[in-house]
Amino acid sequence: MNIGIVCYPTYGGSGVIATELGKGLADKGHNVHFITYNRPARLDSFHANIFYHEVRVADYPLFEYAPYDTVLTSKLVDVIKNQQLDILHVHYAIPHAAVAYMARNILKAQGIHIPFVTTLHGTDITLVGQNEAFRPVVEFSINESDGVTAVSESLKRDTISNFSIQNKIEVIPNFIDFSRFTKSDKDHFKKAIAPNGEHILVHTSNFRPVKRVLDVIEMFQIVNTEIPSKLLMIGDGPEREKAEAFCRQHAMCDQVRFLGKQDAVEELLSIADLFVMPSESESFGLAALEAMACRVPVVSSNAGGIPEVNIHGETGFLNEIGDVKSMAVHAISILKQEDIHQQFREKAFARAKQFHINNILPMYEDYYTSIIQRQQVAVS
Ligand code: GMT
C-alpha cells in the first residue's frame, strides 16, 4: 500500500505512535509518506520505503497567523496525487481530520478518490477538542472520516459521550517496539545517578498541568523518607519551573534531577525501579507502557485508559487522581522487598508484550484494507 501519515512531529505520544507505525509499515514493505512541518522526532534513520514531505508555511506581511491548515491541505493534495496514495492516516483530530476532509473533497472534484482514517489520541477529545473554538470542527470531521480509531476503550467512550458521533469507532491500542524498548545493562549509569544503591523513580511527560508533575514530587518526598531514592524527571513543559521551585524550597535538589527532553528514554528506563504517572487525564499512557516494556512497574492514577495498560496489584498500582499518599504507600510496597519488586517487574514486562508492535500493526493493515475496499465499492 502507499500510505500517507500526518501527525505532530514532536515528542508527544500521538507523533511517536504515528512515526513508529509508519516505520513498522515500511519494514513490512509498504511505502509510507510522512507529511509534517518538521521531520518527526522518532524518524531518525534512512529507510528506503519512507518518504518525508515537509510542509513549509510561507510568510506574508498580511498574515498575523500563517494559515498552516491551508498549506497542509495543498501539500496533501499534491502528495496524494503525485505519489498515488491509497489511504491517508491522520493522527490527532485537530486540525488534521478537518484538513484531510478538505483534501479528500478537493481531490474528489478532480475524480481522485482517497479515503482517510482519523486516529483519536487523547487531548484532541478530552481537553482541547471540547473547547468551543474547536468542537464543531472536531465533531464534523470525525463523522466525515472514512475510518476512525481510538487508542483505548476509554477514549472511545469519552468520544461518544462528549460529541454527537454517528461514525463507528474502532479501538486499536497503542503498541511498543521491543527492538527499542528493552531493558539493557546500564549499571555504570545507575551507579553515577544512585551511588549508594538508592532506588530510582522515573517520570516522563510534557509537563503539562494534566500530568500533575507536583504529585510526582510530593509522592517521591514520602517514598524517600522510608526508602532512600532518586527521582529522574524527563521532559519539559509549562509546569517544570514550578516543580523545580518546589524541589529547591524543600531541599530536594540532590534527590531530584530534571533531565529535560531526552531521545534515548529507553536507556533511562533501563536503570529505573519504578515509573510514576499521576495524570489527571490519560487516554492510554504510552509512557507507562514504554516503562513496562523495560520491566519497570508503574504507580499511576486510575485516569482514562491507564487501567487498560497498568493492572492494579500486578504490573503496578492504580490510585485515585491526586492521592499522593496512596501512591507513595504503593510505591514503598513494591520497592521495599526485592522478591516482590521482581514479581512486579516480570508481570509489567509480560503485560507490555501484549502490546507488541507485531500484534497491533496487522490490526492497522486490516483496517486500512477494509476502508479502501469499502470506498472502492462506494465509488464503483
Ligand atoms: O498530552 C499528551 O501526553 C500528548 C498526547 C498526544 O496526543 O500527543 O498524548 C495522548 O496520546 C498518547 C498516544 O496515543 C497517549 O498515550 C496519551 O495517553 C495521550 N495523552 C492524554 O490523553 C493526556
Side-chain angles (χ1 to χ4, degrees), residues 5-22 24 36-38 40-42 89-97 117-131 134 138 142 148-159 161-162 169-177 181 203-213 215-216 233-240 261 265 275-293 298 300-310 318 321 351-352 355 357 360-361 363-364:
I5 292 184
V6 177
C7 64
Y8 284 102
T10 54
Y11 286 86
S14 63
V16 166
I17 283 295
T19 312
E20 296 296 347
L21 174 63
T36 55
Y37 60 81
N38 265 330
R42 288 263 178 110
H89 188 176
V90 302
H91 292 258
Y92 204 88
I94 308 165
H96 301 142
V117 170
T118 300
T119 289
L120 311 172
H121 276 275
T123 50
D124 45 352
I125 295 301
T126 55
L127 199 70
V128 192
Q130 299 204 28
N131 185 319
F134 298 108
V138 171
I142 290 174
V148 185
T149 75
V151 298
S152 64
E153 292 292 344
S154 152
L155 186 60
K156 176 177 174 175
R157 281 195 301 274
D158 281 346
T159 311
S161 63
N162 289 307
I169 301 176
E170 185 86 8
V171 173
I172 303 185
N174 285 334
F175 54 84
I176 194 91
D177 179 358
F181 283 91
H203 171 76
T204 316
S205 77
N206 53 19
F207 286 54
R208 306 224 160 252
V210 79
K211 303 293 178 181
R212 298 185 66 99
V213 289
D215 284 6
V216 180
M233 299 288 284
I234 305 168
D236 212 328
E239 297 288 289
R240 176 171 169 175
K261 290 179 183 164
V265 178
F275 189 81
V276 189
M277 178 177 266
S279 307
E280 190 158 324
S281 163
E282 201 71 62
S283 70
F284 182 88
L286 183 62
L289 180 61
E290 291 177 343
M292 287 158 62
V298 175
S300 67
S301 71
N302 56 6
I306 301 177
E308 294 173 47
V309 180
N310 186 22
L318 300 166
I321 297 163
R351 175 76 182 145
F355 297 91
I357 187 169
I360 311 297
L361 211 113
M363 293 186 189
Y364 276 113

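Just follow the structure's listing: the first ligand is 1, and inside any ligand the first atom is 1. When a residue number appears, it is its place in the shown sequence, counting from 1.
Of the N and O atoms on the side chains of H121 and S283, not one donor lies less than 3.5 Å from an acceptor on the other residue. For the residue pair S279 / S301, no side-chain donor-acceptor distance below 3.5 Å is found, with atom types taken as modelled.
Residue contact annotation: T126 has no non-hydrogen atom under 4.0 Å from ligand 1. For R208, the heavy-atom gap to ligand 1 stays at 4.0 angstrom or more.
Heavy-atom contacts of L286 reach the following atoms of ligand 1: 16 (O) (cutoff under 4.0 Å). Per-residue contacts place G12 under 4.0 angstrom from the following atoms of ligand 1 (heavy atoms of the residue considered): 8 (O). Counting the atoms of ligand 1 from 1 in the order shown, those under 4.0 Å from a heavy atom of Y92 are 7 (O). For ligand 1, the atoms sitting less than 4.0 Å from at least one non-hydrogen atom of V151 are 14 (O), numbered in the order shown with element in parentheses. Against a heavy-atom cut-off of under 4.0 Å, G122 is close to the following atoms of ligand 1: 22 (O). Residue-ligand proximity, S283 to ligand 1, at heavy-atom distances under 4.0 Å covers atoms 15 (C), 17 (C), 18 (O), 19 (C), 21 (C), 22 (O). For ligand 1 and N174, the ligand atoms under 4.0 Å from any heavy atom of the residue are 13 (C), 14 (O), 16 (O).
Ion pairing of E282 with K211 is present here, as a side-chain N (NZ or NE/NH1/NH2) and a carboxylate O approach within less than 4.0 Å. R42 has a carboxylate O that lies under 4.0 Å from a charged side-chain N of E290, or vice versa, which qualifies the two as a salt bridge.
Although no hydrogens or angles enter the test, the distance criterion places a donor-acceptor pair under 3.5 Å between the side chain of H203 and the main chain of V276. Side chain of N131 to main chain of G129: no donor-acceptor pair is present (N/O by atom type, distance under 3.5 Å, no hydrogens or angles). Checking side-chain atoms of N162 against main-chain N and O of D158 turns up a donor-acceptor pair under 3.5 Å. Formation of a donor-acceptor pair under 3.5 Å by the Q130 side chain with backbone atoms of I125 is found in this model.
The distance between the ring centers of F355 and F284 falls below 6.0 angstrom.
In Y8, neither the side chain nor the backbone holds a heavy atom less than 4.0 Å from any atom of ligand 1.
Comparing C7, A93, G13, G304 against atom 12 (C) of ligand 1, the shortest heavy-atom distance belongs to G13. Between E282, H121, K211, H91, it is H121 that holds the heavy atom closest to atom 14 (O) of ligand 1. In the candidate list S14, A150, A303, S281, S281 is nearest to atom 23 (C) of ligand 1, counting heavy atoms. Residue nearest to atom 1 (O) of ligand 1, selected from L155, N206, L120, I94: N206 (by heavy-atom distance).
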